[in-house]
Every structure is written in C-alpha cells, then in structure tokens.
Amino acid sequence: MAQLLGARTEQAVVIETDKFYQFLVHPIDPSTPEADTQNHAVLRAFLATAQSFSNDGYDVIVEGVIGPWWLDLIKTCLPDGFNYVLLHAALDVLSRRVSARNRASAIHTRAEAVQIMHEKFDALTGFDAHTIHTDDLTPGQIVEQITARRIAGALRITG
C-alpha cells in the first residue's frame, strides 16, 4: 500500500522500517521487552530519515509496525505533525499475509511475534479515526480510504 500511496504524488519516498532492523548486526526480536532500547534507536533513525526527506520537499510515507505507544517519541522527532493510519486485520488474515510476505522477502516474521503485536493493536482504544479494517479490502481500496481520510484531516496527529 505504501508504494501505491507514493505513486499518487510527484515526489514521494517510502521508508520501510523493517530495512532499518537489517542494519543491526545482532538484532533483538523487536516484539520483545528486551528490544526497547534497540527499537528506540531504530525509530529515531527512520524518523530522522523521514524528516530529512520532508525538509527537501518529499511526501514521506513511513511503512511498518509503528504502534501508538511510540507517538510521544514521534512527536518529538516530527514536531510539525504527521498523518497516522493503522491498518487492522483479523489474526488469521494477518497470519496469511505475513506468511506470504515471508516467502517473498528476506525479512521473516515469527508467528509468535505476529500474535503478540496483533494482541497489542487489537487492545487499542481511541484510534478509530486512524484505523482501517482491511480484511475484505483490496490494496487499491485501502489506498482510497487512506487518501480520503488524509484529505479530510482525520489522520493528522499534532504535537
């Protein structure tokens, strides 16, 4: 979806957060509490990259598992505000998608990590305006919903 969204603008950059974990020589599973320091470092690194591109006039799309528990830190790195969307799917749908991605990618996600993160996102409250339920939607339909909500200002998070 990030690439489809980026294709809608003249000057876009898509930052895939998973790639930043590849820089780590000895990564810790980011879904575990032991990874907190690592995750903060990775978050600050991709946000600095996002800010740099934004400063040069690019429309920046950051794609990854970025829970709202990171919003306070994100606000300090991107003080002018940003759009935030949560793509939600049922666990079985998400598991199938991750399994397909694992077959097609060098980045592999463990089933346990998928379940842990799904539980964290499933327990969220207060983010209905930012959440798109994707179970029965095509990538194009998801991009349409993101675009409509962004234009309406429904995805905006400010400091």
Side-chain angles (χ1 to χ4, degrees), residues 1-31 35-89 94 97-98 100-102 104-109 113-114 117-118 120-121 124-159:
M1 262 76 53
Q3 292 294 332
L4 289 173
L5 204 53
R8 292 176 164 235
T9 183
E10 289 290 314
Q11 195 169 0
V13 62
V14 174
I15 298 172
E16 297 176 24
T17 62
D18 282 352
K19 293 187 187 281
F20 283 76
Y21 285 94
Q22 292 177 350
F23 298 140
L24 300 166
V25 175
H26 301 287
I28 302 167
D29 180 340
S31 68
D36 195 49
T37 300
Q38 165 194 281
N39 292 344
H40 275 83
V42 168
L43 183 79
R44 284 190 305 275
F46 69 70
L47 290 173
T49 302
Q51 188 66 55
S52 178
F53 278 110
S54 179
N55 290 346
D56 288 333
Y58 285 85
D59 290 321
V60 179
I61 301 158
V62 177
E63 181 276 326
V65 179
I66 306 167
W69 46 88
W70 293 112
L71 290 179
D72 287 338
L73 179 57
I74 294 169
K75 288 179 195 177
T76 66
C77 297
L78 305 175
D80 296 333
F82 52 93
N83 291 297
Y84 181 72
V85 64
L86 294 169
L87 302 180
H88 188 277
L94 186 59
R97 290 176 183 168
V98 169
R101 186 183 82 174
N102 281 350
S105 171
I107 301 167
H108 293 276
T109 305
V114 172
M117 296 310 294
H118 186 271
K120 286 183 179 183
F121 280 98
L124 292 175
T125 59
F127 289 92
D128 291 344
H130 297 269
T131 303
I132 297 174
H133 296 278
T134 65
D135 292 2
D136 300 319
L137 299 177
T138 66
Q141 291 170 321
I142 295 166
V143 168
E144 289 297 328
Q145 283 199 30
I146 292 169
T147 301
R149 289 187 192 191
R150 182 177 178 214
I151 290 169
L155 301 176
R156 192 83 176 149
I157 304 266
T158 56

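Remember, predicted model here, so these are calculated numbers, not experimental data. One is the number of the first residue; the rest follow in order along the sequence.
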Practice problem: Over all heavy atoms of both residues, which pair between Thr158 and Lys75 is shortest? Give the atoms and the distance, please. | Solution: O-CE, 3.8 Å

Quiz item: Yes or no on side-chain contact (heavy atoms from CB on, under 4.5 Å) for Asp59 and Arg8, after CA distance, side-chain angles and deciding distance?
Solution: CA-CA 10 Å; Asp59 290 321; Arg8 292 176 164 235; over 6 Å; no

Quiz item: Any side-chain heavy atom of Leu71 within less than 4.5 Å of one from Leu73?
Solution: no

Exercise. Taking all non-hydrogen atoms of both residues into account, name the closest pair between His133 and Thr131 and its distance.
Key: NE2-CG2, 3.8 Å

Quiz item: Roughly how far apart are Ile28 CD1 and Thr37 OG1, rounded to 0.5 Å?
Solution: 7.5 Å

Quiz prompt | Distance (rounded to the nearest 0.5 Å) between His26 NE2 and Gln38 CD | solution = 12.0 Å

Quiz item: Hey, what do you get for OH (Tyr21) to CD (Glu16), rounding to the nearest 0.5 Å?
Solution: 14.0 Å

Quiz item: Near Tyr58 OH, under 6.0 Å, is it more than 12 heavy atoms from other residues, nucleotides or ligands?
Solution: no

Quiz item: Quick one: are Phe121 and Pro68 in side-chain contact, heavy atoms under 4.5 Å?
Solution: yes

Self-check item: From CA spacing to verdict: side-chain contact (heavy atoms from CB on, under 4.5 Å), Val14, Val60
Solution: CA-CA 6 Å; Val14 174; Val60 179; over 6 Å; no

Quiz item: In terms of side-chain geometry, is the basic nitrogen of Glu144 or Arg149 positioned less than 4.0 Å from the acidic oxygen of its partner?
Solution: no

Quiz prompt | Minimum side-chain heavy-atom gap Thr49-Phe20 below 4.5 Å | solution = yes

Quiz item: Are the side chains of Ile61 and Ile15 in touch, meaning some heavy atoms are under 4.5 Å apart?
Solution: no

Self-check item: Met1 CE to Ile142 CD1 distance, which is reported to the nearest 0.5 Å
Solution: 4.0 Å

Quiz item: Angle class for the Tyr84/Phe127 ring planes (parallel below 30°, perpendicular above 60°, tilted otherwise)?
Solution: perpendicular

Quiz item: Is there side-chain contact between Phe46 and Ile66, with at least one heavy-atom pair below 4.5 Å?
Solution: yes

Practice problem: Give the minimum heavy-atom separation between Gly6 and Ala12, together with the two atoms involved. | Solution: O-CB, 3.4 Å

Quiz prompt | Side chain proximity check, Val65 to Thr17, heavy atoms < 4.5 angstrom | solution = no

Quiz item: With a 4.5 Å heavy-atom cut-off, do Gln145 and Thr134 have their side chains touching?
Solution: no

Quiz item: For the atom pair CG (Asp56) and CD (Gln11), what is the distance rounded to the nearest 0.5 Å?
Solution: 8.5 Å

Quiz prompt | Whether Thr147 side chain and Val143 backbone form a donor-acceptor pair below 3.5 Å | solution = yes

Quiz prompt | Flag side-chain contact, heavy atom, 4.5 Å: Ile132 against His88 | solution = no

Quiz item: Between atom CD of Glu63 and atom CG of Leu5, what is the distance when rounded to the nearest 0.5 Å?
Solution: 11.0 Å

Exercise. Work out which heavy atom in Ala89 is nearest to a heavy atom in His118; give both atom names and the distance.
Key: O-NE2, 2.9 Å

Practice problem: Please report the closest heavy-atom contact between Leu86 and Leu124, naming both atoms and the distance. | Solution: CD1-CD1, 3.9 Å

Quiz prompt | Which atom of Leu78 lies closest to which atom of Gln51, heavy atoms considered | solution = CD2-OE1, 3.0 Å

